[in-house]
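Note: hydrogens, waters and symmetry copies are ignored here, and every other heavy atom, side chains too, is used.
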Amino acid sequence: MASVPEIKIVRNESLGNRSDVSSPEAKLGMRVEDLWDEQKPQLSPNEKLNACFESIPVSAFPLSSDSQDIELRSDTSLAEAVQTLSKLKVLSAPVVDVDAPEDASWIDRYIGIVEFPGIVVWLLHQLDPTSPRSPAVAGSNGVSHDFNADILDNEDSAETTGNFFEVLTSSELYKNTKVRDISGTFRWAPFLALQKENSFLTMLLLLSKYKMKSIPVVDLGEAKIENIITQSGVIHMLAECAGLHWFEDWGIKTLSEVGLPIMSKDHIIKIYEDEPVLQAFKLMRRKRIGGIPVIERKTEKPVGNISIRDVHFLLTAPEIYHDYRSITAKNFLVAVREHLEKHGDTSAPILSGVIACTKNHTLKELILMLDAEKIHRMYVVDDGGNLEGLITLRDIIARLVHEPPGYFGDFFDGVMPLPENYRV
């Protein structure tokens, strides 16, 4: 049986500069380099970066895999949406309103962006004892589904066997509920978007200070999404810029010098290895966080990490839980690891175990490791492997730029607020 891997500490000697200067991200970095050299000498490095990024339109950002003509129809079922996103290995997709006229503007053409984890978290919310026991969800045919009667059968959803997930994926709710039926849980309605001429600085501030995980870039002429820029996409761009003067000037600073980690160990939401894995996903939903460390009770040290992205295993591979009476966090990590190794998938972030650094590591080292491992958070430990804090992609981007006074003006005036029943 596979075991949970030990903590992997970032090693300085294993990290170097990127050599592929022909990549779109590296060319973008060279553009910043040219602008950097043109800035007034009296400006601080921070002010120089702000000025550079304000001069570059978001249309220059390389296209992401999530924006390659991947769209879901609003009449797609949750089961079909999960299958499509899983097959294409993307976490989210815009939802096109099938009832919108052909000449609709972008804001009328889309009803929102559905996220893979959001679908699963929405389903799990139907099981939450603190939420109303729903006849609540009506499918497109107007028929209501009592999910709890179909699935729970008066059992504690946190203490559920693998059969639970097989019943879940064969339920009428899962098969018949349409993506448009859960649109009230989308993060924005339809979504906060940038136009092609908006600046990099605007984009970076939205991804950091304003806590957006991804931002669609809209082509107003075509009334469609041209690109989707993510936090991880920005980190990859930064990693490709290693070796350039502007990046080295900023990236050479240690974490402690720039005030990281912001989140101390006392404020980290965690789960113990013997607790139900569903508890981890429920905590992520309630606290609106993207991941959670799995802690060993005896040592209080992290032994694994569960990301909100990993929730898709509950729907796409329910058979991996057959051998367990109760799906604990540790069993989840072990079972998923065995499942991935059996199917020859060695690139999944969950296989990396706990990736950690110390406060003495630099921003550059942190960025290169985050990009290499394709992870969204880094745990900070002391020399004994004890948890000291947490750093997210947003924390790093927030150290790259700052918001000038009055910068956004009335930018947010036309943006619809979060829906009242927002859950994801």
Side-chain angles (χ1 to χ4, degrees), residues 5-12 14-15 45-46 49 204-213 230-239 242 247-272 280 283-284 286-296 299-310 349-350 352-403:
E6 297 180 353
I7 298 176
K8 185 192 298 184
I9 307 292
V10 175
R11 299 299 177 191
N12 308 56
S14 66
L15 302 173
N46 218 228
L49 279 179
L204 293 171
L205 289 171
L206 290 175
L207 290 175
S208 56
K209 181 177 180 179
Y210 291 91
K211 302 182 180 181
M212 307 241 352
K213 293 185 180 297
T230 64
Q231 290 178 347
S232 55
V234 171
I235 294 299
H236 178 61
M237 181 206 78
L238 292 174
F247 178 85
E248 296 295 329
D249 187 86
W250 172 75
I252 197 172
K253 298 173 183 176
T254 65
L255 302 182
S256 57
E257 286 177 328
V258 296
L260 293 177
I262 298 174
M263 185 178 295
S264 67
K265 63 179 181 180
D266 295 331
H267 293 90
I268 295 177
I269 308 299
K270 60 189 178 182
I271 187 171
Y272 286 101
L283 279 172
M284 283 186 257
R286 290 170 185 162
K287 302 296 183 180
R288 298 182 182 179
I289 55 178
I292 192 167
V294 179
I295 305 296
E296 185 179 40
T299 63
E300 290 291 325
K301 293 182 179 180
V303 295
N305 178 75
I306 297 177
S307 165
I308 191 66
R309 296 176 296 175
D310 300 325
I350 197 171
S352 301
V354 180
I355 309 295
C357 65
T358 70
K359 293 180 179 179
N360 294 325
H361 281 89
T362 65
L363 285 167
K364 173 183 175 179
E365 291 166 343
L366 189 63
I367 287 169
L368 291 177
M369 179 57 80
L370 286 167
D371 184 54
E373 297 288 345
K374 307 302 178 190
I375 54 178
H376 292 178
R377 50 178 40 211
M378 181 78 74
Y379 294 105
V380 182
V381 297
D382 61 20
D383 294 336
N386 300 299
L387 196 59
E388 285 196 324
L390 167 69
I391 298 175
T392 66
L393 304 188
R394 180 167 63 87
D395 295 335
I396 298 172
I397 299 171
R399 291 299 184 272
L400 185 64
V401 292
H402 66 276
E403 182 180 352

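Atom CD1 in Ile235 sits 11.0 Å away from atom NZ in Lys374 (nearest 0.5 Å). With values rounded to the nearest 0.5 angstrom, Ile268 atom CD1 is found 7.0 Å from Tyr379 atom OH. Between the CD1 atom in Ile367 and the CG atom in Leu238 there is a gap of 5.0 Å [rounded to 0.5 Å]. Remark: Thr362 OG1 to Trp250 CH2 distance equals 9.5 Å, nearest 0.5 Å. With rounding to the nearest 0.5 Å, the separation of CZ in Arg377 from CE in Met263 is 7.5 Å. Atoms CG and CG, on Leu205 and Leu400 in that order, are 9.5 Å from each other to the nearest 0.5 Å.
Residues passing the side-chain hydrogen bond (donor to acceptor under 3.5 Å, both in side chains) test with Glu388: none are found, sequence neighbours excluded. Residues satisfying the side-chain contact (heavy atoms from CB on, under 4.5 Å) test with Ile252, not counting sequence neighbours, are none. For the side-chain hydrogen bond (donor to acceptor under 3.5 Å, both in side chains) test, residues two or more places apart in sequence or in another chain that qualify with Lys209 are Glu403. Under the salt bridge (Lys or Arg N to Asp or Glu O under 4.0 Å) criterion, Lys359 pairs with no residue at all, not counting sequence neighbours. With sequence neighbours excluded, the residues that form a side-chain contact (heavy atoms from CB on, under 4.5 Å) with Glu300 are Lys270, Tyr272, Ile295. Partners of Asn46 by side-chain hydrogen bond (donor to acceptor under 3.5 Å, both in side chains), not counting sequence neighbours, listed by chain and number: His402. Looking at residues two or more places apart in sequence or on another chain, you find no side-chain hydrogen bond (donor to acceptor under 3.5 Å, both in side chains) involving Arg399.
When all heavy atoms are compared, the tightest approach of Glu248 to Ala242 is OE2-C, 3.7 Å. Across all their heavy atoms, Leu366 and Cys357 have their closest contact at CD1-SG, 3.8 Å. The shortest heavy-atom contact between Ser232 and His376 is CB-NE2, 3.9 Å. Residues Leu393 and Ile375 share a closest heavy-atom pair of CD2-O, 3.9 Å. Closest heavy-atom contact between Ile397 and Leu204: CG2-O, 3.6 Å. The heavy-atom pair separating Met284 from Ile306 by the smallest distance is CE-O, 3.7 Å.
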Q.
side chain to side chain contact (heavy atoms under 4.5 Å, CB included), that's the test. Do Leu260 and Leu363 meet it? Break it down for me.
A. CA-CA 10 Å; Leu260 293 177; Leu363 285 167; 4.1 Å; yes
Q.
Does Val294 form a side chain to side chain contact (heavy atoms under 4.5 Å, CB included) with Ile271? I'd like the steps, not just the answer.
A. CA-CA 5 Å; Val294 179; Ile271 187 171; 4.1 Å; yes
Q: Show the numbers, then the answer: is there a side-chain hydrogen bond (donor to acceptor under 3.5 Å, both in side chains) between Thr392 and Asp395?
A: CA-CA 5 Å; Thr392 66; Asp395 295 335; 3.2 Å; yes
(Q) Evaluate Thr254 against His361 for side chain to side chain contact (heavy atoms under 4.5 Å, CB included), listing each step before the verdict. (A) CA-CA 5 Å; Thr254 65; His361 281 89; over 6 Å; no
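A donor-acceptor pair under 3.5 Å is absent between the side-chain atoms of Asp371 and the main chain of Leu368, judged by distance alone. In this structure, the side chain of Lys301 engages the main chain of Gly384 through a donor-acceptor pair within 3.5 Å. Side-chain atoms of His267 do not come within 3.5 Å of backbone N or O of Ser264 as any donor-acceptor pair. With hydrogens and angles disregarded, no donor-acceptor distance shorter than 3.5 Å links the side chain of Gln231 to the backbone of Lys211.
Inter-residue side-chain proximity for Ile355 and Met378 is flagged as met; some heavy-atom pair is nearer than 4.5 Å. Using a 4.5 Å cut-off on side-chain heavy atoms (C-beta onward), Ile391 and Leu370 make no contact. With contacts defined as side-chain heavy-atom distances shorter than 4.5 Å, the pair Val303/Glu296 qualifies.
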